[in-house]
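Everything below concerns the one structure shown next.
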Amino acid sequence: MRNLISIDDLDIGDISAIISLSFSMREVLEREIKKVPTLRGKVICLMFFESSTRTRVSFELAAKFLSADTVSFTPSSSAMQKGESMIDTIRTITALGADFLVVRHSKEAFPHLISKYTDIHIVNAGDGKNEHPSQALLDLFTMMREKGAKDTKELRGCAVSIIGDILHSRVARSDIKLFSKLGMNVTIVSPFTTIPPAIEKLGNIKVKKFIDEDVISSDFIMLLRIQKERHGAYFYPSEREYNAIWGIDDAMLEKLREKGTYIMHPGPMNIGVEVMPSIAYSDISLISEQVKNGVAVRMAILYYLYSMSKRE
Ligand code: CP
């Protein structure tokens, strides 16, 4: 348990331990001085080859609140521009004294590949369409806080519907794996063009092409972003049509409120496409909570990886 690259790296014990630590870290974040000395003297390198707001800033804040030092690797001004290979870059960062590498890359399995060339902790902050494990853990933690659950077992049977572009979503893949592992009832709702082949191999899920009454009555609805930057072409006729068929709009707000259904979204959102502002910023939205919890959960992940390696 040196690295967090995939939800597959985690057994139920690891998940429970990270969630339990997240509750403690969330308490730290409520204090006037949000700082603990846990990772003092450790160096965390943030290596983002793709754009990010939430993940990058929350990992940096998490590191600072744990008293670690942070350093940002900027690909566009690095020696990679002079032809240095990725493997030599990773070896260089290791030799410079980093203890953790938090990495986002557009290529699937990139974090897995680089983990072969270093013994520092690798944390996957999103690899292409593959996985985003820290996002799935913060999604789970947000659900648990909302349900008042302290133990992951309490979420067994909880209904989650994930609506949107599953094919291009690393969040969906990590969420499906994590929620299924915990015995949650996962339904995906997606245009048939964005349902990946063999999706059912990721977990025990139901697949639907349209939103129905059961979806509206889920405990949680996770909306996904239409990933325009990954689309060579549209996978649905237009954004307007997507919004009309798979979007969550004003007309549904009262019904969702009545059913006690919460709306979640990993962000960034396409407001007006997958979700309307009246829903995204409403009392049934947990979207800001997800962002806030991201800091606590990432503190927990960094601390957990460090503590597990100390045991080895
Ligand atoms: N959810 C998420 O990964 O957001 P960012 O791209 O802003 O990091």
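Quantities reported herein were computed from a predicted structural model and do not represent experimental measurements. Order of appearance sets the numbers: ligands from 1, and atoms from 1 within every ligand. One-based numbering along the sequence shown.
- Among protein residues, Ser52, Thr53, Arg54, Thr55, Arg104, His132, Gln135, Pro266, Gly267 come within 4.0 Å of ligand 1, judged on heavy atoms.
- You'll find the side chain of Ile44 stays beyond 4.5 Å of the side chain of Val71, heavy atoms only.
- The cationic group of Lys42 does not satisfy the cation-pi geometry with Phe100, failing either the under 6.0 Å distance to the six-membered ring centre or the 45° limit from the ring axis.
- With sequence neighbours left out, the side-chain contact (heavy atoms from CB on, under 4.5 Å) criterion links Ile87 to Ser85, Arg91, Tyr117.
- Cation-pi contact between Arg298 and Phe59: present, with separation from the ring centre below 6.0 Å and deviation from the ring axis of at most 45°.
- Both Leu286 and Leu137 belong to a common hydrophobic cluster when Ile, Leu, Val, Met, Phe, Trp and Tyr are linked at side-chain heavy-atom distances under 4.5 angstrom.
- Under the 30°/60° scheme for interplanar angles, the aromatic rings of Trp246 and Phe210 are found to lie parallel.
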